[in-house]
Structure formats: structure tokens, C-alpha cells
Novice: 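Below you'll find the structure I mean.
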Amino acid sequence: MRRQRVTVLAGGVGGGRFACGVRDLFADQDADLRIVVNTGDDMWFAGLRVCPDLDSVMYALAGVNDSERGWGRAGESERVSAEMAAFGMDTSWFTLGDLDLGTHIARSALLRSGTTLTEATQRLSRRWELGATVLPVTDAEVPTLVDVELDGHPARIHFEEWWVRHRAAIPTNGFVFEDAAAAGISAAAAEAIRDADIVLIAPSNPIVSIAPMLAIPGVRESIGASRGRVIGVAPIIGGHAVRGMAEQCCAVVGVPATAQGVGLYYGARSAGGILDGWMVDTVDADAIGPLAMGGIHARSVPLWMRDATTTRALAAAAVELASFRPLVEPAR
Ligand code: GDP
Ligand code: CA
């Protein structure tokens with residue numbers, strides 16, 4: 001019998017947590033789990049290729065992430081960063097932990113020797129028993145950029161600079177996936193999405209983690225053509241992003257920061273969107289009716305990923321929703 005294929009589309013921290021829940025759920029079933037990860041946050045920094053979302057997902061699956069701080073490696077130190085600051089480098093706004101730097105240096109060396117990001121990610125992942133294959137959505141460099149005004153002049157800065165250096169505090173009227181059109185989904189990510197029995201959209205930031213993936217040619221097409229049902233999990237509970245700044249990002253693009261708003265923003269797959277089903281929290285059960293009007297089959301369960309048990313239960317509910325029957329059976 002063919003192994004069950006499960007593919008998750010994920011950003012960094014929310015995506016990594018959810019991916020662990022899905023991995024735990026299928027742990028004793030020998031399923032083929034693939035995590036397709038956003039690369040819009042990736043940047044060249046201090047001469048190194050830094051991939052925040054890929055690393056968050058990899059560290060979470062490996063169990064070496066700093067779960068208290070929410071990002072990076074557990075037991076981290078910052079000796080190298082302190083040295084760089086002593087040399088007067090303008091790099092202190094982006095924390096580079098010593099252990100984390102090992103990842104960036106290894107990856108940069110692989111990329112500079114001609115390895116694709118997909119291959120480099122496989123090489124790095126091999127160190128641990130992740131229980132899943134981590135795949136960048138594309139091998140091309142497609143940074144998410146932010147249009148802002150700096151010192152009275154219009155400027156287009158990298159998303160990480162806006163997010164981390166400026167704490168998302170400078171007003172912006174939009175995110176730009178400038179190089180997306182010329183890029184393409186990687187062959188491995190396309191296959192993972194098209195051949196999946198279930199595609200899950202993690203509770204990740206819809207505007208800066210999921211939308212940058214959807215902007216890459218081939219991603220929407222692969223989701224549209226997937227043989228499996230596509231089920232998403234709302235990253236918003238009761239009108240608030242649980243962790244992170246999804247609310248601010250929604251406001252920038254005019255998407256209501258509600259479970260319903262994000263669900264309708266993704267849209268029904270039957271109408272050119274990406275969702276068959278959508279998980280909302282029990283406090284957002286009112287959204288189920290309006291979502292159904294939009295062609296999205298929604299269900300309410302607790303969406304807080306407090307620990308491994310609740311996260312696994314959330315993954316189980318999402319997988320269960322994938323086997324729903326249409327309310328109206330087709331006429332014979
Ligand atoms: P990032 O790339 O590191 O910002 O991480 P993601 O985009 O993958 O996830 C960040 C988003 O996940 C946050 O803005 C929240 O909206 C969402 N999130 C975080 N924790 C939870 C949780 O426990 N439950 C749900 N439903 N969403 C969460
Ligand atoms: Ca991210």
C-alpha cells in the first residue's frame with residue numbers, strides 16, 4: 001500500500017509548531033510528511049544566507065529550538081555577534097546566535113558551491129531525525145520587501161529589516177514580492193503539493209508567511225491541482241494573533257484580522273482560492289455560516305497550540321476535516 005502523503009505549507013514559528021503536531025499525529029503510521037516553507041524572509045546578512053522560516057521549522061522538528069524565546073536555538077550564546085559589534089558592524093539589530101551561525105555558515109558554503117537551497121536544506125536536515133522532509137517553496141531568491149518612508153524619502157526595505165529592526169513600527173502601505181514573477185515553485189515542492197492526500201495550511205501569518213508562497217508561480221496552480229483536500233488552520237483567535245504580529249500585517253493589506261476574514265482572503269478552492277476546509281477556534285464558531293456561503297467548509301475546535309498534546313489534537317481535527325462529506329450530495 002502507498003504511504004499516506006501529507007503536505008504542510010508553513011511559515012516559521014507557528015508553522016514549525018503545527019508541523020510538529022502533524023508529525024506526532026502520524027508518528028506510528030509511516031506517513032510521508034513534507035513541509036513546504038516560506039522563503040520570503042530569507043536574506044543575505046553579514047555575507048551569509050539566513051533563512052528564518054526554514055530554520056524555525058527545522059529546529060522545531062529537531063527539538064533544538066528555544067521554545068521560551070520563541071525562535072532560534074536553545075542554549076544559545078552570542079559571542080560572535082558581540083565581536084562583530086566590537087568591530088563596529090551595523091548588524092546588531094538582527095540577533096545571530098553562535099549555534100545559529102553554524103547553520104548559516106554551512107548553508108552559505110553549500111549555496112556558494114552551487115548547491116540549490118532545496119539540496120542544502122536536505123543536507124542540513126540530515127543531521128537530525130526530523131520525521132519530515134523540509135522543502136523551501138522555491139530555490140530562487142524572492143525576498144518580501146516593504147514600501148516605507150525613511151527620513152522623508154520613499155524606500156523599499158527587506159521585510160526582516162522592517163519587522164525586526166523597526167519592530168513593524170514604521171507605517172507601510174504594502175508588501176512586495178518583487179521577484180516572484182520570474183521565480184518558480186521548486187519541483188520538489190510542486191510534487192509535494194500535487195501528490196498529497198492531504199494539504200494542510202499551518203496557522204502561519206497569512207500576509208507575510210503564506211501570501212509570499214502563493215505569489216510564486218506554480219504554487220496556486222499546484223494547490224488547485226492537488227489530489228488531496230486542502231485544509232487550513234486560522235492563525236487568528238477571537239480577533240487576535242496568538243503570537244506574532246499577524247494583526248498588523250492584515251491591517252496593512254486591508255484583510256480583517258479575524259478567522260473569517262483570513263479564511264475568505266484565502267478563498268474557496270472551488271472558486272479559485274486555496275481552501276476546501278478551514279479550522280476556526282470555538283470562540284469564532286459564528287464564522288462557520290459566512291464561510292460556508294463563501295464555499296469553505298469550516299469547523300470549530302480549540303486552536304491554541306499550548307503544548308504537544310493540544311497541537312497534535314489540532315492536527316488530528318484538521319486531518320479529520322479533510323474527510324468531510326459535502327452537506328449536499330450531488331444529484332443522481
Ligand atoms: P513566523 O514566520 O515565525 O512569524 O511564524 P508563522 O508565520 O509560521 O506564524 C506566526 C503566526 O502564527 C502568528 O502571527 C499567529 O497568528 C499564529 N500562531 C502562533 N501561535 C499560534 C497558536 O497557538 N494557535 C494558532 N491558531 N495560531 C498561532
Ligand atoms: Ca517568517
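All values below were derived from every heavy atom in this structure, side-chain atoms included, with hydrogens, water molecules and symmetry-related copies excluded. Start at 1 and go down the list; that is how both ligands and their atoms are numbered.
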Novice: Has ligand 1 got any nitrogen or oxygen that is less than 3.5 angstrom from a nitrogen or oxygen of Leu303?
Specialist: yes
Novice: Going from CD1 on Ile274 to CE on Met213, what distance comes out if it is rounded to the nearest 0.5 angstrom?
Specialist: 9.0 Å
Novice: Check each of Pro212, Pro235, Cys249 against Asn205 using the side-chain contact (heavy atoms from CB on, under 4.5 Å) test, and report the only one that passes.
Specialist: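 Exactly one pass, corresponding to Cys249.
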Novice: Quick one: look up the protein heavy atom nearest atom 7 (O) of ligand 1 and list residue, atom name and how far away it is.
Specialist: Ser209 OG, 2.6 Å
Novice: Would you mind checking which non-hydrogen protein atom is closest to atom 9 (O) of ligand 1, with the distance to 0.1 Å?
Specialist: Gly14 N, 3.2 Å
Novice: Quick check: Asn205 and ligand 1, any N/O pair under 3.5 Å apart?
Specialist: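 There is such a contact, yes.
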Novice: On a heavy-atom basis, I'd like to know which of Pro235, Pro203, Ala241 is closest to atom 12 (O) of ligand 1.
Specialist: Pro203
Novice: What I want to check is whether the side chains of Asp139 and Ser186 have a donor and an acceptor closer together than 3.5 Å.
Specialist: no
Novice: Before we go on, tell me: are the rings of Trp163 and Phe175 under 6.0 Å apart, centre to centre?
Specialist: no
Novice: Taking N or O atoms only and a 3.5 Å limit, does Trp163 qualify as a polar contact for ligand 1?
Specialist: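 In this structure, Trp163 places no N or O atom under 3.5 Å from an N or O of ligand 1.
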Novice: Ligand 1 and Gly12, any nitrogen or oxygen pair closer than 3.5 angstrom?
Specialist: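 Yes, at least one N or O pair falls under 3.5 Å.
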Novice: Which value, rounded to the nearest 0.5 Å, describes the distance between Glu247 atom CD and Ile236 atom CD1?
Specialist: 6.0 Å
Novice: Determine the minimum heavy-atom distance between Ile296 and Gly263, stating which atoms define it.
Specialist: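 Closest approach of Ile296 to Gly263, heavy atoms only: CD1-O, 3.3 Å.
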Novice: With heavy atoms of Ala246 as the reference, note each atom of ligand 1 found under 4.0 Å away.
Specialist: 14 (O), 16 (O)
Novice: Is there a nitrogen or oxygen of Ser204 sitting under 3.5 Å from a nitrogen or oxygen of ligand 1?
Specialist: yes
Novice: At what distance, to the nearest 0.5 angstrom, does CD1 of Ile201 lie from CD1 of Ile223?
Specialist: 5.0 Å
Novice: Tell me whether Ser56 has any N or O atom under 3.5 angstrom from an N or O of ligand 1.
Specialist: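 Not met; the criterion fails.
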Novice: Would Trp44 end up clustered with Met84 when hydrophobic side chains under 4.5 Å apart are linked, directly or stepwise?
Specialist: no
Novice: From Ile231 CD1 over to His297 NE2, what is the distance, rounded to the nearest 0.5 angstrom?
Specialist: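 It is 8.0 Å, given to the nearest 0.5 Å.
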Novice: Considering only non-hydrogen protein atoms, determine which one is nearest to atom 15 (C) of ligand 1 and report residue, atom name and distance to 0.1 Å.
Specialist: Arg243 O, 2.9 Å
Novice: Which distance, rounded to the nearest 0.5 Å, do you find between the CZ of Arg5 and the CG of Asp32?
Specialist: 6.0 Å
Novice: With nothing but distance in play, are any N or O atoms of Gly15 less than 3.5 Å from an N or O of ligand 1?
Specialist: yes
Novice: side-chain contact (heavy atoms from CB on, under 4.5 Å) with Thr103: which of Leu48, Val50, Leu124, Leu54?
Specialist: Leu124
Novice: Quick one: nearest non-hydrogen protein atom to atom 3 (O) of ligand 1, plus distance?
Specialist: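 Looking at atom 3 (O) of ligand 1, the protein heavy atom closest to it is Val13 N, 2.9 Å.
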Novice: Closer than 3.0 Å to the Ca ion (ligand 2): how many protein N, O or S atoms are there?
Specialist: 3
Novice: Does the protein put a heavy atom under 4.0 Å from atom 1 (P) of ligand 1?
Specialist: yes
Novice: What is the nearest protein non-hydrogen atom to atom 23 (O) of ligand 1, stated with its residue, atom name and distance?
Specialist: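 Checked against all protein heavy atoms, atom 23 (O) of ligand 1 sits closest to Met305 N, 2.7 Å.
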Novice: State plainly whether the residues Asp197 and Arg227 are in salt-bridge range, i.e. N to O under 4.0 Å.
Specialist: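 Looking at Asp197 and Arg227, the cut-off is met.
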Novice: Taking only non-hydrogen atoms of Ile236, do any sit less than 4.0 angstrom from ligand 1?
Specialist: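 Distance cut 4.0 Å: Ile236 fails for ligand 1.
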Novice: Could a heavy atom of Ala234 be found less than 4.0 Å from some atom of ligand 1?
Specialist: yes
Novice: Taking only heavy atoms of Asp53 into account, list the atoms of ligand 1 that are under 4.0 Å away from them.
Specialist: 2 (O)
Novice: Nearest 0.5 angstrom please: Glu221 CD to Ile216 CD1, how far?
Specialist: 11.5 Å
Novice: Test your reading of the model: is there a side-chain donor-acceptor pair from Arg269 to the backbone of Ser226, 3.5 Å cut-off?
Specialist: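 Side chain of Arg269 to backbone of Ser226, a donor-acceptor pair under 3.5 Å: yes, one is there.
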Novice: Is it the case that the side chains of Thr310 and Asp307 hold a donor-acceptor pair, with the cut-off being a distance below 3.5 Å and no angle test?
Specialist: yes
